[in-house]
Amino acid sequence: MKAIIVDDEKASRQMLTHYLEKYCPEVVLIGEAQNVDEAYELVQHSKPDLVFLDISMPRKDGFELLRMFETPPFEVVFVTAFGEYAITALRLSACDYLMKPINIDELQAAVTKARERINKKELESGLRDLLHNLNGKGPKRIALAHSNGYQVVPVDEIIRFEADGRYTKVTLAQGNTLVVARNLKEFESMLASMDFFRVHNSHLVNLRFVQGYERSGILNMTDGARIEVSRRKKDELLTLFGI
């Protein structure tokens with residue numbers, strides 16, 4: 001894979017270059033840029049397969065580079081040191097990202113995923129959903145990984161999540177259920193600001209689909225599910241409903 005690095009910090013570019021050369025021999029570095037404008041010109045001339053893109057840079061952040069293309073013609077691995085809003089958007093869209101300082105195992109895993117997506121010609125799907133979420137156009141969308149790939153659904157069409165070991169069952173408003181290769185805690189973290197509430201160790205619900213609450217501690221959902229609310233969550237849940 002031909003790759004470029006986009007990062008305003010020279011030391012960060014040097015460190016990533018070292019790691020890629022030593023631990024990711026399938027990556028051939030063909031250039032680097034220290035800002036978005038330089039990166040745009042570099043992409044136009046060198047046509048990389050993969051871009052390691054820093055998010056936080058002066059004047060224009062890494063997402064601005066993506067907005068300069070109608071359909072980004074490359075795979076992206078984002079690199080960031082902070083920014084919860086950005087991380088949430090990335091996780092919703094199933095895009096790969098690395099936290100600084102970079103972990104070598106995570107770097108190798110991200111490169112492997114990038115290669116698979118390039119081989120399957122799936123470049124645009126995750127980036128398209130990422131830009132949709134960042135631009136705030138319509139409902140947020142989340143990429144749910146299942147055995148055959150990803151299904152992208154609007155967040156406000158999810159009724160509830162139920163823990164199933166290392167997996168999670170996702171119930172959608174259309175009535176279908178997906179089994180997703182992510183644990184419940186990850187979804188709780190991603191959706192905490194979007195009307196989702198963890199009522200029990202095994203259940204995360206969309207409050208918009210709550211139909212009623214029984215004094216015995218049972219939550220009735222619009223899909224007919226009856227979900228137990230843990231004692232320690234009861235008061236907080238009732239406060240959310242103004243009770």
Side-chain angles (χ1 to χ4, degrees), residues 55 63 78 80-97 99 125-126 128-243:
I55 294 176
F63 299 128
F78 293 93
T80 184
F82 58 90
E84 187 58 36
Y85 167 66
I87 295 301
T88 298
L90 290 169
R91 295 175 73 191
L92 284 173
S93 307
C95 289
D96 284 318
Y97 66 92
M99 295 294 295
S125 57
R128 182 179 60 245
D129 294 317
L130 170 62
L131 290 173
H132 176 95
N133 288 337
L134 289 169
N135 293 336
K137 296 178 180 177
K140 298 286 185 181
R141 298 193 297 211
I142 185 171
L144 300 173
H146 53 78
S147 58
N148 295 320
Y150 290 94
Q151 181 168 333
V152 178
V153 300
V155 170
D156 61 7
E157 291 184 9
I158 297 173
I159 296 178
R160 56 194 175 89
F161 298 86
E162 181 179 356
D164 183 15
R166 293 178 300 166
Y167 299 89
T168 301
K169 294 180 182 178
V170 186
T171 300
L172 304 177
Q174 297 90 337
N176 55 317
T177 301
L178 297 173
V179 178
V180 181
R182 263 182 171 163
N183 62 45
L184 194 61
K185 186 174 180 60
E186 290 184 75
F187 287 112
E188 180 184 19
S189 174
M190 282 189 281
L191 301 171
S193 63
M194 300 182 196
D195 291 325
F196 283 80
F197 184 75
R198 191 164 182 175
V199 298
H200 187 278
N201 281 343
S202 299
H203 297 281
L204 176 68
V205 303
N206 187 339
L207 297 176
R208 298 178 183 181
F209 290 95
V210 172
Q211 196 168 51
Y213 176 78
E214 300 177 12
R215 293 185 183 278
S216 60
I218 298 297
L219 204 61
N220 295 308
M221 306 297 293
T222 57
D223 67 330
R226 290 166 51 80
I227 297 174
E228 179 184 356
V229 179
S230 69
R231 290 183 180 180
R232 65 187 183 87
K233 291 290 188 175
K234 177 181 176 181
D235 291 341
E236 188 177 353
L237 176 66
L238 294 180
T239 298
L240 289 173
F241 284 119
I243 300 174

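Counting begins at 1 with the first residue of the sequence.
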Pairs meeting criterion salt bridge (charged side-chain N to carboxylate O under 4.0 Å, His left out) with involvement of residues 189-204, two or more places apart
Glu188-Arg198, Asp195-Arg208

When Val205, Leu178, Thr171, Ile142 are each screened for side-chain contact (heavy atoms from CB on, under 4.5 Å) with Ile158, the one that passes is Ile142

List for me each residue that meets side-chain contact (heavy atoms from CB on, under 4.5 Å) alongside Leu240, sequence neighbours excluded, and say none if there are none.
Phe197, Leu207

Nearest heavy-atom neighbours spanning Thr168 and Arg182:
OG1-O, 2.6 Å

Aromatic contact between Phe196 and Phe161, with the criterion being ring centroids under 6.0 Å apart: yes or no?
yes

All side-chain contact (heavy atoms from CB on, under 4.5 Å) counterparts of Gln174, not counting sequence neighbours:
Glu157, Leu172, Asn176

Who pairs with Phe209 by ring pair (Phe, Tyr, Trp, His ring centres under 6.0 Å), at least two apart in sequence or on another chain?
none

Could you tell me which non-hydrogen atom of Ser202 sits nearest to which non-hydrogen atom of Leu184, and how far apart they are?
C-CD2, 3.5 Å

Closest non-hydrogen atom pair, Ala163 against Asn201:
CB-O, 4.4 Å

Under 4.5 Å between any side-chain heavy atoms of Met99 and Thr80, yes or no?
yes

Take a 6.0 Å sphere around NZ of Lys169 and say whether it holds more than 12 heavy atoms from other residues, nucleotides or ligands.
no

Sequence neighbours excluded, the answer for side-chain contact (heavy atoms from CB on, under 4.5 Å) partners of Asp235 is none

Taken to the nearest 0.5 Å, the spacing of His200 NE2 from Ile227 CD1 works out to 10.0 Å

Close side-chain approach of Leu237 and Leu219, heavy atoms under 4.5 Å:
yes

Apply side-chain contact (heavy atoms from CB on, under 4.5 Å) to Leu238 and list each qualifying residue two or more places apart in sequence or on a separate chain.
Tyr213, Lys234, Ile243

Verdict with supporting geometry, Val210 and Met221, side chain to side chain contact (heavy atoms under 4.5 Å, CB included):
CA-CA 5 Å; Val210 172; Met221 306 297 293; 3.9 Å; yes

Determine whether Thr177 and Glu162 satisfy the following criterion, side chain to side chain contact (heavy atoms under 4.5 Å, CB included), listing intermediate values before the conclusion.
CA-CA 10 Å; Thr177 301; Glu162 181 179 356; over 6 Å; no

